[in-house]
Asks: 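I have a structure here, written as structure tokens, and I will follow up with some questions on it.
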Amino acid sequence: MPFSLAQPCEYREEIKKSRFLTLAAPITSAAEAQAFIERHSDLAATHNCWAWKVGQQYRFSDDGEPGGTAGRPILAAIEGQDCDQVVVLVIRWYGGIQLGTGGLARAYGGGASKCLQAGERVELVSRVQCSCHCLFAELPILKARLGELEAVLEGEQYDADGATLQLAIPEARLPDLQKNLGDITRGRSVLHKF
């Protein structure tokens with residue numbers, strides 16, 4: 001089960017007089033990742049190397065470090081910590097001592113791993129989309145049960161009789177929701193999965 005971060009976190013380290021500041025944050029899109037990188041990059045630093053992953057999408061940058069010594073190790077740390085929907089930015093201020101390609105990869109990947117380990121993690125739950133129709137009298141009862149079923153109300157459209165609810169729910173909880181819906185509506189309403 002993949003994890004994301006509950007909130008942004010950071011990790012600081014000095015290696016052979018080079019200072020490294022690692023920043024990590026939860027994201028939900030590529031645009032959010034790029035905005036985080038632009039907002040937190042330090043133009044006075046020697047390098048601002050980063051990686052992000054959202055589902056099957058990912059990007060990384062070595063920002064002037066030798067190819068494959070920064071961005072790819074950061075991405076490997078994200079995947080190694082079983083994280084998704086996160087961005088990691090490692091800012092380096094050069095201290096005058098060369099680290100070599102192996103040292104750079106260890107510094108960038110290690111800092112990213114330690115930052116992600118130190119952050120508060122949350123389990124990412126895969127949800128399926130579904131909808132159902134309820135009469136006005138049934139709506140408050142069903143809405144009250146959504147939380148205990150881990151369902152998220154994503155939208156509702158009203159008509160003359162009641163409302164059609166758009167829901168997202170963990171797939172394992174679908175049978176429980178269908179049973180609750182059947183009990184509340186006396187079998188009149190069924191779930192429609194997208």
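Every value quoted in this text rests on a predicted model; they were computed, and no experiment measured them.
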Asks: State whether a side-chain donor-acceptor pair under 3.5 Å links W52 with Q57.
Replies: no
Asks: Below 4.5 Å, heavy atoms only, C-beta onward: do C9 and E120 meet side chain to side chain?
Replies: no
Asks: Taking the side chain as every heavy atom from C-beta outward, state whether L177 and C132 have any pair of such atoms under 4.5 Å apart.
Replies: no
Asks: I97: which other cluster members, linking ILVMFWY side chains closer than 4.5 Å, directly or transitively?
Replies: none
Asks: Does any part of the side chain of H133, heavy atoms only, come nearer than 4.5 Å to the side chain of D159, both counted from C-beta?
Replies: yes
Asks: Is the shortest heavy-atom distance from the side chain of L165 to the side chain of L139 under 4.5 Å?
Replies: yes
Asks: Please name all residues satisfying ring pair (Phe, Tyr, Trp, His ring centres under 6.0 Å) with F60, sequence neighbours left out, ordered by chain then number.
Replies: none
Asks: I need the full list of salt bridge (Lys or Arg N to Asp or Glu O under 4.0 Å) pairs touching residues 21-30, with sequence neighbours left out, sorted by first then second residue.
Replies: none
Asks: Evaluate the side-chain proximity of L116 to Y11: yes if any heavy-atom separation is below 4.5 Å, no if none is.
Replies: no
Asks: Between E32 and T28, is there a side-chain donor-acceptor contact under 3.5 Å, judged purely by atom types and distance?
Replies: yes
Asks: For R12, look at atom CZ and say whether over 12 heavy atoms of other residues, nucleotides or ligands are found less than 6.0 Å away.
Replies: no
Asks: Using 4.0 Å as the upper bound for N to carboxylate O, is an ion pair formed by E138 and R186?
Replies: no
Asks: Going by the rule side chain to side chain donor-acceptor pair (under 3.5 Å), which residues pair with Q166 if we only count those two or more places apart in sequence or in a different chain?
Replies: none
Asks: Does a sphere of radius 6.0 Å around CZ in R59 hold more than 12 heavy atoms from other residues, nucleotides or ligands, not counting ones at 6.0 Å or beyond?
Replies: no
Asks: Side chains of L135 and S189, heavy atoms from C-beta outward: is any pair under 4.5 Å?
Replies: no
Asks: Taking side chain to side chain donor-acceptor pair (under 3.5 Å) as the definition, give me every residue that meets it alongside R145, ordered by chain and number, with sequence neighbours left out.
Replies: N180
Asks: Using 30° and 60° as the class boundaries, would you call the ring planes of F20 and Y108 parallel, tilted or perpendicular?
Replies: perpendicular
Asks: Who are the ring pair (Phe, Tyr, Trp, His ring centres under 6.0 Å) partners of H47, not counting sequence neighbours?
Replies: none
Asks: Less than 4.0 Å between a side-chain N and a carboxylate O, is that true for E154 and R127?
Replies: no
Asks: Does either side chain, that of E79 or that of Y58, offer a donor lying less than 3.5 Å from an acceptor on the other one?
Replies: no
